[in-house]
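Written below as structure tokens is the structure these notes are about.
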Amino acid sequence: MIEQRYSALKNLTSFQKRLNGAVNSGRYISRFVWFNYIAGAITFSLISAFVILWNGLVVFGGDYLRESSMIFVLFVYALMINVYNALYFLGSVRRGHLVEPLAYSPVARPESILMRCYLKYYASLSFFITMPGTIFLAMRTGSTAVIPLALAWTAGITLFSWPIGVLISYRSGRPRRKLGFIDPIFRIFSFAVSLAALEVILFLPQLIPSLLPNLPSPVSLALFPINIAYILQGAFVSSSLPLMGIAATSLYLVFFIAAVYLTLNYLGRRIRAGGLDQTVGPRKGSYYSEPIHRALERKDRKILLRDTQVATLIAIPIIVAIPTVFPVFLPPSGVNANPLGIYYLLLSVTAVCAAFYPSILLISESGSFSIWRQLPVFPVAMLRSKLKLALKMFLIVVIPLMAAALLRSGSSIPFYLSISAGLVSGFVFLSIVNTRYLYGKIPTEAERVNLDTFGGNLGMLLLFSTSIILLVIPIVAGNFIAVALPVSASLKGLMNSIIDSIINVLMMVGAVHYLGRLGG
Amino acid sequence: MLMQGTSPTVALSAVSKSYGDVTALNNVDLEIFPGHIFGVLGPNGSGKSTMLKLISSVIQPDHGKVRVLGRDCSDEYVWVRHHVGFVPENSVIYESLSATEYLSLVSSVYGIETRTSRERISALSDALATSDIMDELVGSLSFGNRQKISIIAALVHDPEVIILDEPTKGLDPRSFRIFKDVLSMLAKRGKTIVFSTHVLEIAEELCERLCIMYRGEIRASGLVSDFVGTGKDRRRLEETFFRITGETSLESLTRGVGRAFA
């Protein structure tokens, strides 16, 4: 993390100036890293508290079964975040060639240093996801046994994310054989099954814990991560279950430690064999020359698909948006979700995508950013191609969500058409503003661009907050105008969304015009 | 050093550039003419790379004017970049693209027709022996091969001015020889070539004119013969270089290292 921050700053005048004047230059860099860590911890704690308090108390009215199922969701979320963090961390190590100095140094096991860094700066954050909710549950039920169990499971999940990350990162980099006819079908099928599993977890979290007591004990205890909820729920249902839970947890911890040990050995062999550089096979192709906008977009698309770290970052909006899905799709009663809730969910996804996708596409330039100062391209041409790709990525994320929302809420087609126009124009407006802002933050001397160029997690959090505010302004304005209009109460919601969409479209036109004035 | 009757391809007038408190270039004047191979020499940190980046319009000066082919590098940077080929000191190429994909991107940005770019890239990759690695991802290439791809990218649009920052680093003897011959051929065709190097023999062999930089200033500039002399008075360029850069007591430094490790 420190190395990432250093890479982003090292060539900058302001940084050199501070380093020359600083009493302890190392502390100057590490302070920033800890700021980011604290920001991450606060965000995760808030998510955890929101999920438990909102869903457990407000939505579910204090139902123990559903409350414990929310804990289960938090653990799944922690595992997802950890796998994402592992992929991001290992991607940074590979891209920055960070393991090379360790390989040359008289260090016995450089792979252990890597893992310790990951656990310290990244994975340990998962405790802030699981523990606030668990402590709250323990306080409400009076069962303190859940706390050590949850700690053990969080540690287990944290450890388990490392082997998963290593396997995905480095095995995906092996030379690939030619794909056969069946491979794409198998991949699409696997992807669909994974999505379906995620849908079940999100939409019906109470289903799994309620089914578990009916399963034979050995089966239910052997199901990971399903038995987390079983243990937590069981701790206050029957006095004998915590003991079984402890036994199962210990067994799993042994398994996780063994997996970590094996992957550490694998990494060690890779480092000693010449480093962690990916050895992706050749990409057959012939020379072509095409219009500049198409060439730029093709380049961005290829980098996104081939670079593990960048590809991992694309998942951020989906991961961040998941907690907001619960209150919307899990209403306390009735079949239909609240249309307004769905609207706010889609807005939050729009804000996250508009904050992250421009930054991801700029980060994808990485150490090659200075190429743009050599080639005869106006910056606006580069930004425009990135914005087009960002819009395509946004549509891929938001269209299935909108379709699900439409089926779920049963609202009218005109309502959805108007919010669709509002969301897309809102995204275009926000992504232009954010891209321009982020591009302005890249110092003129910068040779490398990474997340730390934009202030790290803290900077992303601020960008996301600003995006939310900018998205909310037209909604508030639309509300005021709709209230003032002499229409029936049932039409006010529709009018509100139409007015909001009109304002967003106007802001989008303004932003596009502004981008055009940048030259090129 | 003005040449009568010809306009300079590259002209720097009173150019200064600082990075924070560090002055990289201080009030530099320089003119380079078409058909010349111009060498820029100097110790590390003397301002060579900064000057080459200014000429390539990669960075802008704090004071003064940099003109290439009569155009201002700050105001018309896109036009200038269209007519300049630049090989930076450290090749920065997208690691996730293959060499073919990267060169196709460069060709597209310069607006070169597919057929023309294919012919030029094939000829250059045959000459520099990179034909076998064109489908490999740049991230898996050796330093030398990346440098070759960078050289091809700088030449593919047939620029009027070619700027090379330590271009021979990592080149094998065969590629180095071809590279020198190609540069000589391009200079004969009227191209202006400016390159920096730490290898004084290369500068002596290849250049007609050169300058020696020290602490952000051009301390000496002229024909190579001005630096090395002719006939009986001929001396090594190294001697002149050390005299101009004030490095006259190198033996005592070596003795100091010897004492420290005794």
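Side-chain atoms are counted along with the backbone in the values below, which use heavy atoms only and exclude waters and symmetry mates. By convention in this document, chain letters (A, B, ...) are assigned in the order of the sequence lines, proteins followed by strands, and residues within each chain are numbered from 1.
- Per-residue counts of heavy-atom pairs under 4.5 Å with chain B were compared for A/Ser370, A/Ala295, A/Ser368; the largest is that of A/Ser368.
- In terms of modelled atom types and a separation under 3.5 Å, the side chain of B/Ser108 and the main chain of A/Ile292 share no donor-acceptor contact.
- Taking A/Glu365, A/His293, A/Arg298 one by one and counting their heavy-atom pairs under 4.5 Å with chain B, the maximum is reached by A/Glu365.
- Around the CZ atom of B/Arg118, the shell of radius 6.0 Å holds more than 12 heavy atoms that belong to other residues, nucleotides or ligands.
- Looking only at side-chain heavy atoms (C-beta outward), B/Glu101 and A/Lys299 stay at 4.5 Å or farther from each other.
- The ring pair (Phe, Tyr, Trp, His ring centres under 6.0 Å) analysis of residues 137-167 of chain B, with sequence neighbours excluded, yields the pairs B/Tyr110-B/His157.
- For chain B, the option among A/Glu290, A/Arg294, A/Arg373, A/Lys302 with the highest count of heavy-atom pairs below 4.5 Å is A/Arg373.
- Contacts of B/Ile59 with chain A are absent, with no heavy-atom separation under 4.5 Å from either backbone or side chain.
- In this structure, CD1 in B/Ile93 is found 7.0 Å from CD1 in A/Ile371, a value given to the nearest 0.5 Å.
- Within the 3.5 Å criterion, the main-chain N or O of A/Ser289 finds a donor-acceptor partner in the side chain of B/Thr114.
- Using a 30° and 60° split on the angle between ring planes, A/Trp372 and B/Tyr94 fall in the tilted class, from 30° to 60°.
- You'll find the side chain of B/Val109 reaches within 4.5 Å of the side chain of A/Pro376, heavy atoms only.
- Between chain A and the residues B/Ser104, B/Ser107, B/Ser96, the largest count of heavy-atom pairs under 4.5 Å involves B/Ser104.
- Surrounding NE2 of B/His63 are at most 12 heavy atoms belonging to other residues, nucleotides or ligands under 6.0 Å away.
- Most heavy-atom pairs under 4.5 Å with chain A: of the set B/Gly111, B/Pro88, B/Ser56, this distinction falls to B/Pro88.
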